[in-house]
Amino acid sequence: MTKVAKKRREGRLVRHYRVRKKIHGTAARPRLAVFRSNKHLVLQVIDDDAGRTLAAASSNEAAQRGEGGGSTVGGASRLGQLVAERAKAAGIDKVVFDRGGFLYHGRVAAAAEAARAAGLEF
């Protein structure tokens, strides 16, 4: 890993820890966590009290790989809608958004807006 890449990763982790000090998912209002890589996007609805993932969607799933993946804003929108549908099926209406240290821009923002439009309340 180059020095620049290492510095960017460490900066993101510092931001992530700062955000996670303030955000905690409960059974009534779980945390919608986002992880973004260059190729993929992962969204999870997590109950931190129980330590369980209640619903998840990833661009690495077989059904999502054929549709363009998570490296585009369109793919992120599809994943946001999918995770919202899965959360609704699990009986979850309200979540706390955890951007994971990433800027609220591009794919992260598109996934959040799609989840909001699909019925999840932030």
Side-chain angles (χ1 to χ4, degrees):
M1 186 180 288
T2 65
K3 283 186 178 182
V4 173
K6 189 173 183 181
K7 192 170 185 174
R8 282 184 184 158
R9 177 175 165 71
E10 289 171 355
R12 183 192 74 80
L13 290 175
V14 166
R15 286 188 303 275
H16 182 55
Y17 295 142
R18 185 171 58 230
V19 169
R20 285 287 288 125
K21 281 193 294 189
K22 302 171 189 172
I23 294 176
H24 184 78
T26 62
R29 194 166 182 141
R31 174 171 58 99
L32 176 61
V34 176
F35 178 75
R36 174 182 63 88
S37 71
N38 287 338
K39 282 186 171 183
H40 297 290
L41 189 68
V42 179
L43 303 171
Q44 294 180 317
V45 178
I46 302 169
D47 177 5
D48 289 320
D49 290 338
R52 293 214 169 122
T53 299
L54 306 173
S58 172
S59 62
N60 207 14
E61 295 175 7
Q64 297 300 317
R65 271 184 269 159
E67 296 181 13
S71 62
T72 63
V73 172
S77 296
R78 279 194 308 276
L79 280 176
Q81 186 175 9
L82 181 64
V83 77
E85 290 170 2
R86 290 179 179 175
K88 292 284 225 176
I92 300 162
D93 293 330
K94 295 182 179 182
V95 294
V96 178
F97 187 68
D98 176 12
R99 61 188 175 93
F102 300 104
L103 293 177
Y104 188 82
H105 179 72
R107 292 185 284 159
V108 175
E113 293 299 325
R116 236 183 239 120
L120 278 184
E121 186 179 330
F122 288 28

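None of the values given here were measured: they were computed from a predicted structure.
Under the rule for a side chain to side chain contact (heavy atoms under 4.5 Å, CB included), the partners of Ala114 that lie at least two apart in sequence or sit in another chain are Ser77. Here Asp93 pairs with Lys88 under the side-chain hydrogen bond (donor to acceptor under 3.5 Å, both in side chains) rule; sequence neighbours left out. Partners of Leu13 by side chain to side chain contact (heavy atoms under 4.5 Å, CB included), not counting sequence neighbours, listed by chain and number: Arg9, Tyr17. Taking the side chain to side chain contact (heavy atoms under 4.5 Å, CB included) definition, one finds that Ala5 meets it with Met1, Thr2, sequence neighbours left out. Residues passing the side chain to side chain contact (heavy atoms under 4.5 Å, CB included) test with Ala117: none are found, sequence neighbours excluded. Looking at residues two or more places apart in sequence or on another chain, you find a side-chain hydrogen bond (donor to acceptor under 3.5 Å, both in side chains) between Arg116 and Tyr104, Glu113.
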Notebook entry, point to check: Would Val83 and Leu32 count as a side chain to side chain contact (heavy atoms under 4.5 Å, CB included) if you check the C-alpha gap in whole Å, the side-chain angles of each, and the deciding distance to 0.1 Å?
Noted result: CA-CA 9 Å; Val83 77; Leu32 176 61; 4.2 Å; yes
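For residues 32-47, every residue pair satisfying the side chain to side chain donor-acceptor pair (under 3.5 Å) rule, not counting sequence neighbours, is listed here: His40-Ser59. Among residues at least two apart or in separate chains, salt bridge (charged side-chain N to carboxylate O under 4.0 Å, His left out) pairs with a member in residues 95-110 are Arg31-Asp98. Listed by first and then second residue, the salt bridge (charged side-chain N to carboxylate O under 4.0 Å, His left out) pairs that reach into residues 51-61 are Glu61-Arg86, sequence neighbours excluded. Pairs passing the salt bridge (charged side-chain N to carboxylate O under 4.0 Å, His left out) check and including a residue from residues 12-30, sequence neighbours excluded, read Arg20-Asp48.
Side-chain N or O atoms of Ser58 include one that pairs as donor or acceptor with a backbone N or O of Asn60 at under 3.5 Å.
Taking each heavy atom of Val73 and Ala110 in turn, the nearest pair found is CG1-CB, 3.5 Å. Across all their heavy atoms, Ala56 and Thr53 have their closest contact at CB-CG2, 4.1 Å. Asp49 and Ala27 get closest at one heavy-atom pair: OD2-N, 4.5 Å. Minimum heavy-atom separation, Ile92 to Leu120: O-CD2, 3.7 Å.
Between Val4 and Arg8, the closest side-chain pair of non-hydrogen atoms falls below 4.5 Å.
Val45 and Val42 fall within the same hydrophobic cluster, where Ile, Leu, Val, Met, Phe, Trp and Tyr residues are linked whenever their side-chain heavy atoms come under 4.5 Å apart, directly or through other members.
Summarising the hydrophobic clusters (Ile, Leu, Val, Met, Phe, Trp, Tyr; side-chain heavy atoms under 4.5 Å, direct or chained), the residues clustered with Ile23 are Val19, Val96.
Interatomic distance, Leu79 CG to Leu41 CG, rounded to the nearest 0.5 Å: 5.5 Å. How far CZ of Phe102 is from NE2 of His16: 8.5 Å, rounded to the nearest 0.5 Å. Considering CG of Leu43 and CZ of Phe97, their distance stands at 7.5 Å, rounded to 0.5 Å.
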